[in-house]
Amino acid sequence: MALPLLSIFLFSSLTLFSLTESKLNVDYYNKTCPQFEKIIQQIVVDKQLAAPTTAAGALRLFFHDCMVGGCDASLLISSNSFSQAERDTDINLSLPGDAYDVVTRAKTALELQCPGIVSCADILAVATRDLITMVGGPFYKIRLGRKDSFESYAKDVEGHIARPNMTMDTIINMFASKKLNVQEMVALMGAHTIGFSHCSEFSKRLFKFSQTSEFDPTMNPTYVQALQTLCGNNTKDMAAFNDVMTPGKFDNMYFINLQKGLGLLASDQAMIYEQRTKPFVELYAKDQDAFFKAFAHAMEKVSVYKVKLGKMGEVRRRCDVVNQLQVNPNKKIGS
């Protein structure tokens with residue numbers, strides 16, 4: 001089973017290189033900012049050691065940014081009195097501050113070394129890759145030269161980022177709209193091998209699930225009891241690790257957990273029952289190398305989705321504010 005699945009994936013990944021994407025280059029900063037990757041790597045190492053959840057946070061930040069209008073750092077822009085930005089819509093409010101902070105630190109260091117050269121979008125892409133590698137995940141090449149967006153609107157987010165209560169059909173179609181097939185979707189869902197989710201995202205599976213069952217019967221009963229204890233106090237939105245077995249390590253345990261009823265989110269656990277996704281879950285559960293290869297290819301593909309080039313974007317001096325607003329703070333975002 002493994003060889004045909006991998007062959008299909010590798011064949012489909014050949015469509016990755018479009019005319020726009022080919023203008024990106026892994027050596028983009030070699031002459032203009034030769035210390036670029038070294039600086040980011042040092043910032044990443046320091047931050048991850050100080051805050052071990054940074055890797056998972058940055059990965060979510062990167063994905064939420066790319067899925068809404070492309071990889072253009074629009075998610076990093078702060079709201080102002082005229083416009084509510086992407087980062088302040090409900091699904092993005094849980095994105096951790098450490099993820100924003102690692103990008104801000106890298107940007108500050110790079111502005112001192114080579115001002116006005118490196119985009120926030122490129123920083124986020126490379127920092128995410130380096131953090132994934134640091135916690136045990138695969139290395140993959142990042143082509144560089146993205147520009148940062150001029151605008152960010154909260155109204156653009158809905159329908160582009162999967163929610164835990166969505167049906168598998170809806171999620172598959174959402175990924176398909178980004179030119180990501182089912183295998184790529186399953187590989188990217190494997191990012192839940194690190195990080196955590198708040199009780200509000202899965203508590204409906206734990207209490208009064210249906211008229212015939214107190215909890216979701218697809219869940220491991222012992223796992224349910226532990227989660228009920230954690231989430232029973234409704235006064236606080238506590239959090240649980242997405243991967244209960246190896247939460248700080250990027251590996252294939254997430255897929256093994258799904259086979260044992262240990263998927264935290266309903267959308268995760270559903271993949272073991274959906275016939276289109278189940279073969280890939282089973283493949284990655286038994287073959288970590290296959291998962292790593294598929295994840296790396298999918299991340300490369302996501303990283304070039306609708307990138308801004310040339311005059312389509314800018315290199316922001318600060319990642320949270322477009323350059324025009326740094327000159328004229330009364331100007332509306334995107335106007």
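In this chain, numbering begins with 1 at the start of the sequence shown.
- Of the residues listed (Lys178, His64, Glu86), the one engaging His160 in a side-chain hydrogen bond (donor to acceptor under 3.5 Å, both in side chains) is Lys178, and it is the only one.
- The two residues Leu180 and Met67 have their closest heavy-atom pair at CD1-SD, 4.5 Å.
- Looking at residues two or more places apart in sequence or on another chain, you find no salt bridge (Lys or Arg N to Asp or Glu O under 4.0 Å) involving Arg60.
- In this structure the side chain of Lys107 reaches within 4.5 angstrom of the side chain of Ile123, judged on heavy atoms.
- Leu283 contributes atom CG, which lies 12.0 Å from atom CD of Gln288 (distance to the nearest 0.5 angstrom).
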Taking only distance into account, with no hydrogens and no angle test, what donor-acceptor pairs under 3.5 Å do side-chain atoms of residues 219-228 form with protein atoms, sequence neighbours excluded?
from   : atom 1 : to     : atom 2 : distance (Å)
Asn220 : OD1    : Thr222 : N      : 2.9
Asn220 : OD1    : Tyr223 : N      : 3.2
Gln228 : NE2    : Leu206 : O      : 2.8

| request: Show your working on salt bridge (charged side-chain N to carboxylate O under 4.0 Å, His left out) between Glu214 and Lys208 and close with a plain yes or no. | output: CA-CA 5 Å; Glu214 173 66 17; Lys208 299 179 181 178; over 6 Å; no

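- Hydrophobic clustering places Val135 together with Leu49 (ILVMFWY residues linked when any side-chain heavy atoms are closer than 4.5 Å, directly or through intermediates).
- Counting heavy-atom neighbours within 6.0 Å of Phe209 CZ, excluding the residue itself, gives a total above 12.
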| field | Step-by-step side chain to side chain contact (heavy atoms under 4.5 Å, CB included) determination, Ile77 to Val321 | value | CA-CA 5 Å; Ile77 295 175; Val321 186; over 6 Å; no

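- By the criterion of side-chain heavy atoms lying less than 4.5 angstrom apart, applied directly or through intervening Ile, Leu, Val, Met, Phe, Trp or Tyr residues, Val302 is grouped together with Met174 in one hydrophobic cluster.
- Tyr284 and Phe291 have tilted rings, their planes meeting at an angle from 30° to 60° on a 0 to 90° scale.
- Not a single donor-acceptor pair under 3.5 Å links the side chain of Lys47 to the backbone N or O of Leu131.
- Transitive grouping of hydrophobic side chains (ILVMFWY, heavy atoms separated by less than 4.5 Å) brings Leu309 and Val304 into a common cluster.
- Looking at Arg163 and Asp90, a side-chain N of the basic residue comes within less than 4.0 Å of a carboxylate O on the acidic one, giving a salt bridge.
- Judged by a 6.0 Å distance limit and a 45° cone about the ring axis, Arg87 is positioned over the six-membered ring of Tyr100.
- Among all heavy-atom pairs drawn from Gly263 and Arg205, the shortest one is O-NH1, 2.8 Å.
- Comment: Asp101 engages Arg105 in a salt bridge, judged by a side-chain N to carboxylate O separation of less than 4.0 angstrom.
- Separation of atoms CD1 (Ile40) and CG (Leu124) is listed at 9.5 Å; rounding is to 0.5 Å.
- Counting heavy atoms from C-beta on, the side chains of Ile272 and Gln269 come closer than 4.5 Å.
- Using a cutoff of 4.0 Å between basic side-chain nitrogens and carboxylate oxygens, Glu274 and Lys278 are not scored as salt-bridged.
- Gly57 approaches Pro96 most closely through the heavy-atom pair CA-CG, 3.5 Å.
- The side-chain contact (heavy atoms from CB on, under 4.5 Å) with Asp243 is formed by just one residue from the set Asp251, Ile194, Ile256, Asp268; it is Asp251.
- For the pair Thr193 and Lys249, the minimum side-chain heavy-atom distance is 4.5 Å or more.
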| request: Go through the steps to decide whether Ser267 and Ile171 satisfy the test side chain to side chain contact (heavy atoms under 4.5 Å, CB included), and finish with yes or no. | output: CA-CA 8 Å; Ser267 53; Ile171 296 173; 3.7 Å; yes

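- Of all the heavy atoms in Val118 and Cys33, the pair that sits closest is CG2-SG, 4.0 Å.
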| Verdict with supporting geometry, Thr170 and Thr167, side chain to side chain donor-acceptor pair (under 3.5 Å) | CA-CA 5 Å; Thr170 300; Thr167 66; 2.8 Å; yes

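- Of the possible donor and acceptor atoms, one in the side chain of Arg316 sits under 3.5 Å from a partner among the backbone N and O of Ala73.
- If you chain together hydrophobic residues whose side chains sit under 4.5 Å apart, Leu230 and Phe241 never meet in one group.
- In this structure, the separation between CZ on Arg317 and CG on Asn323 is 4.0 Å, given to the nearest 0.5 Å.
- With a 4.5 Å cut-off on side-chain heavy atoms, Lys147 and Asp72 do not count as touching.
- Remark: Glu37 CD to Arg129 CZ distance equals 5.5 Å, nearest 0.5 Å.
- No side-chain heavy atom of Glu158 sits less than 4.5 Å from a side-chain heavy atom of Thr89.
- Atom CD1 of Ile161 and atom CE of Met166 lie 9.5 Å apart (nearest 0.5 Å).
- Two residues are said to be in side-chain contact when any heavy atoms from C-beta on lie closer than 4.5 Å; Thr246 and Met253 meet this criterion.
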| Can Lys293 and Asp287 be said to form a salt bridge (charged side-chain N to carboxylate O under 4.0 Å, His left out), step by step? | CA-CA 10 Å; Lys293 288 176 183 177; Asp287 190 342; over 6 Å; no

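- Rounding to the nearest 0.5 Å gives a distance of 9.0 Å between CG of Asn242 and CZ of Phe196.
- A chain of hydrophobic side-chain contacts below 4.5 Å, direct or via other Ile, Leu, Val, Met, Phe, Trp or Tyr residues, connects Leu264 to Met245.
- Distance alone, capped at 3.5 Å, is enough to place a donor-acceptor pair between the Ser152 side chain and the Ser74 backbone.
- Ion pairing between a basic and an acidic side chain is recognised when a charged N comes within 4.0 Å of a carboxylate O; Lys308 and Asp148 show no such pairing.
- Contact between Ala121 and Cys71 at its shortest, heavy atoms only, is CB-O, 3.7 Å.
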| message | The test is side chain to side chain donor-acceptor pair (under 3.5 Å); show your working for Tyr29 and Asp122 and say whether it passes. | response | CA-CA 10 Å; Tyr29 296 113; Asp122 277 346; 2.6 Å; yes

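- Of the possible donor and acceptor atoms, one in the side chain of Gln84 sits under 3.5 Å from a partner among the backbone N and O of Asp88.
- Sparse packing is recorded around CE of Met238, with 12 or fewer heavy atoms of other residues, nucleotides or ligands lying under 6.0 Å away.
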| query | Does the ring pair (Phe, Tyr, Trp, His ring centres under 6.0 Å) test come out yes or no for Phe280 and Phe255, once each step is laid out? | reply | CA-CA 9 Å; Phe280 301 114; Phe255 297 103; over 10 Å; no

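- In plain terms, the two heavy atoms of Phe139 and Ala296 that are nearest each other are O-CB, 4.5 Å.
- In this structure, Asp65 and Phe63 have side chains that are not in contact, with every pair of non-hydrogen atoms separated by 4.5 Å or more.
- Residues Ser303 and Arg146 form a side-chain contact, since some pair of their non-hydrogen atoms from C-beta on lies under 4.5 Å apart.
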